[in-house]
Amino acid sequence: MKIVIAGAGIGGLAAALSLHRAGFRDITIYERVRELKPLGVGINLLPHAVRELTELGLADEVAAIGVPPSRLSYYNRFGQPIWSEPRGLDAGYRWPQLSVHRGEFQLLLAREVERRLGSDAIRLGCRLVSVEHLDPASPEARAAGHAEFARFVREGAGGGAEEVEVAADVVIGADGIHSAMRAQACPDEGGPVWNGLILWRGTATVPTYLDGRTMIMAGDGEQKFVSYPLVAPGADAGATRLNFIAERRAPEGVDETADWNHAVDPGPIEQLFADWSFDWLDVPAVIAAADEILEYPMVDRNALPQWTFGGSTLIGDAAHAMYPNGSNGASQAIIDGRTLAFHLANETAGRDVSTDVARANAVRTALEAYEADRRPATARLLEMTRQLGPEKVMQLAYDRAPQGFAHVNDVIPADELQEVADGYKRAAGFHPSALNERASLTPESAPEVED
């Protein structure tokens with residue numbers, strides 16, 4: 001079975017490794033950039049994603065580049081505690097939560113794809129243009145031996161370009177929030193949806209705060225600061241390398257046509273948070289210490305009524321880009337890939353798929369099962385992130401006590417805080433008891449992990 005993946009981001013690479021783990025071998029990833037670089041800042045891999053990476057045989061490699069946060073703690077804009085809970089192993093999971101640098105994690109996955117699938121498994125400089133779905137019984141499909149045709153534009157080293165057509169049994173659209181496959185299926189959708197908030201992301205080395213392993217979120221729905229360590233406390237225990245996100249409602253006059261995704265001067269952002277100097281963390285000092293600050297709009301995509309078309313389907317941000325509330329985007333993309341591989345293996349293992357029609361029918365049944373598992377779940381999660389997800393506790397505190405409180409339970413009962421946290425975990429698929437007891441997404445037919 002020939003499988004083509006458009007996009008070598010976290011979702012596409014995880015899908016390739018998942019398919020290989022499930023027993024598939026003819027897998028090629030086409031990526032639009034000409035060189036994979038360690039871009040981006042920090043992301044969190046939640047326990048349900050780390051479970052899948054562990055079952056892919058990557059536990060030690062990912063742990064080596066990550067930091068397991070001990071706690072997640074929420075505060076108001078005065079630094080007063082709202083809610084705090086243990087994370088990962090400390091919370092009773094069988095797998096940790098890991099904070100990693102996005103670019104380093106992507107390159108780790110890419111190296112592992114090339115090691116397991118071959119040095120030519122990732123084709124760079126190839127931008128997806130369109131996918132054609134043929135009737136598997138048609139003369140064209142029978143002549144090619146496949147029913148899906150993915151068309152790419154391949155850029156030459158000298159600046160020229162040529163169109164490349166690739167026939168396959170399965171085409172997976174992992175080409176991000178600006179997915180060409182999604183645009184083909186939904187030509188009238190328009191661009192990503194901006195909620196009016198601006199994100200500033202950066203990394204900085206600052207004095208260690210709290211226990212050196214706590215992920216903190218402070219603020220409310222209008223202004224917020226998030227930080228977590230990217231390097232575990234070591235010899236220099238007095239300093240911490242952390243990732244941070246500063247967030248605020250855009251001023252009047254700024255809209256989605258602004259020049260986004262570029263480095264900005266930290267000075268004005270530092271001033272926005274000038275009063276956010278807590279006993280345990282000096283937020284303006286963190287912003288001032290940043291190596292570089294990148295500015296982004298907070299955008300997502302509306303839920304789609306359909307992901308699968310013929311032998312093609314969407315995963316990751318191409319399928320369900322969502323706000324970062326809950327730190328779940330990369331984790332959900334990894335679970336997409338594992339779920340897709342699970343169903344594809346179950347529909348083809350031990351069955352005669354030697355004919356074009358039988359193979360195409362098995363693929364379409366598998367993709368429909370994958371979509372039935374993942375699309376409703378991610379649609380619910382997308383809606384929860386628009387309602388702030390687990391960060392809703394900060395907005396509740398602001399709504400009920402905008403000037404602060406003596407104790408949070410004076411304004412929000414403890415059981416209400418607990419339910420916000422548990423409700424999000426259940427929706428996202430990582431409530432401890434459910435995750436620990438859930439059956440594996442490694443198909444029974446899968447071969448052993450290769451060394």
Side-chain angles (χ1 to χ4, degrees), residues 10 14 41-75 81-102 104-106 108-109 203 208-218 226-234 237 240-245 280-281 324-335 338 381 384-385 389-391 393 417-442:
I10 289 171
V41 285
I43 60 171
N44 273 277
L45 301 173
L46 301 180
H48 52 333
V50 177
R51 173 181 180 173
E52 304 311 328
L53 295 168
T54 300
E55 295 192 18
L56 289 173
L58 295 173
D60 292 342
E61 290 85 348
V62 179
I65 66 167
V67 176
S70 62
R71 301 192 69 81
L72 169 61
S73 298
Y74 297 97
Y75 299 84
I82 299 171
W83 171 255
S84 184
E85 62 181 21
R87 302 297 277 186
L89 300 177
D90 293 335
Y93 292 99
R94 292 170 55 193
W95 303 270
Q97 176 175 326
L98 293 171
S99 302
V100 300
H101 187 283
R102 182 200 175 280
E104 292 180 15
F105 178 56
Q106 181 186 12
L108 183 157
L109 295 179
T203 59
T208 299
Y209 63 90
L210 301 177
D211 67 349
R213 288 179 48 214
T214 295
M215 178 178 184
I216 70 101
M217 299 189 182
V226 179
S227 70
Y228 49 87
L230 288 176
V231 178
T240 297
R241 181 74 176 165
L242 57 79
N243 176 82
F244 72 84
I245 304 166
W280 45 272
L281 181 67
N325 302 330
S327 307
N328 222 325
S331 295
Q332 293 299 320
I334 291 166
I335 294 167
R338 287 279 287 164
L381 195 58
M384 289 189 76
T385 63
E391 298 167 27
V393 296
L417 292 167
Q418 185 73 58
E419 180 51 36
V420 171
D422 288 348
Y424 182 77
K425 293 185 183 76
R426 286 192 294 268
F430 74 109
H431 192 277
S433 59
L435 178 61
N436 290 344
E437 297 167 9
R438 173 175 64 72
S440 173
L441 289 175
T442 299

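All values reported here derive from a predicted model rather than from experimental measurement.
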Is a donor on one side and an acceptor on the other found under 3.5 Å between the side chain of [X] and the backbone of [Y]?
| X | Y | answer |
| --- | --- | --- |
| Tyr424 | Glu419 | no |
| Asn436 | Arg94 | yes |
| Tyr228 | Ile43 | yes |

Do [X] and [Y] have side-chain heavy atoms sitting under 4.5 Å apart?
| X | Y | value |
| --- | --- | --- |
| Tyr74 | Pro390 | yes |
| Leu109 | Leu58 | yes |
| Arg338 | Ser440 | yes |
| Val62 | Val50 | no |
| Met217 | Ser227 | no |
| Arg213 | Asp90 | yes |
| Phe105 | Leu53 | yes |
| Ile65 | Glu61 | no |

Salt-bridge contact Glu104-Arg102 (side-chain N to carboxylate O under 4.0 Å) | no
Classify the side-chain pair Ser84/Arg71 by whether it contains a donor and acceptor separated by less than 3.5 Å.
-> yes
Quick one: pull up [atom1] in [X] and [atom2] in [Y] and give me the separation to the nearest 0.5 Å.
| X | Y | atom1 | atom2 | result |
| --- | --- | --- | --- | --- |
| Leu56 | Thr442 | CG | OG1 | 7.0 Å |
| Glu85 | Leu72 | CD | CG | 5.5 Å |
| Asp422 | Leu417 | CG | CG | 11.0 Å |
| Ile82 | Glu391 | CD1 | CD | 11.0 Å |
| Arg426 | Met384 | CZ | CE | 8.5 Å |

Check step by step if side chain to side chain contact (heavy atoms under 4.5 Å, CB included) holds for Leu46 and Leu98.
-> CA-CA 7 Å; Leu46 301 180; Leu98 293 171; over 6 Å; no
Can Gln97 and Asn44 be said to form a side chain to side chain contact (heavy atoms under 4.5 Å, CB included), step by step?
-> CA-CA 7 Å; Gln97 176 175 326; Asn44 273 277; 3.1 Å; yes
Indicate the atoms forming the closest heavy-atom contact of [X] with [Y], along with that distance.
| X | Y | result |
| --- | --- | --- |
| His48 | Ser331 | CE1-CB, 3.7 Å |
| Val393 | Val420 | CG1-CG1, 3.7 Å |
| His431 | Tyr93 | C-CE2, 4.1 Å |
| Ser70 | Thr214 | OG-OG1, 3.8 Å |
| Pro47 | Leu435 | C-CD2, 3.7 Å |
| Tyr209 | Ile216 | CE1-CG2, 3.8 Å |

Begin with the C-alpha distance, continue with both residues' side-chain angles, and end with the deciding distance and a verdict on side chain to side chain contact (heavy atoms under 4.5 Å, CB included) for Asn243 and Val226.
-> CA-CA 8 Å; Asn243 176 82; Val226 179; over 6 Å; no
Using the benzene-type ring in the case of Trp, are the ring centres of Trp95 and Phe430 under 6.0 Å apart?
-> no
Dump the intermediate steps for side chain to side chain contact (heavy atoms under 4.5 Å, CB included) on Leu242 and Thr203, then the final yes or no.
-> CA-CA 6 Å; Leu242 57 79; Thr203 59; over 6 Å; no
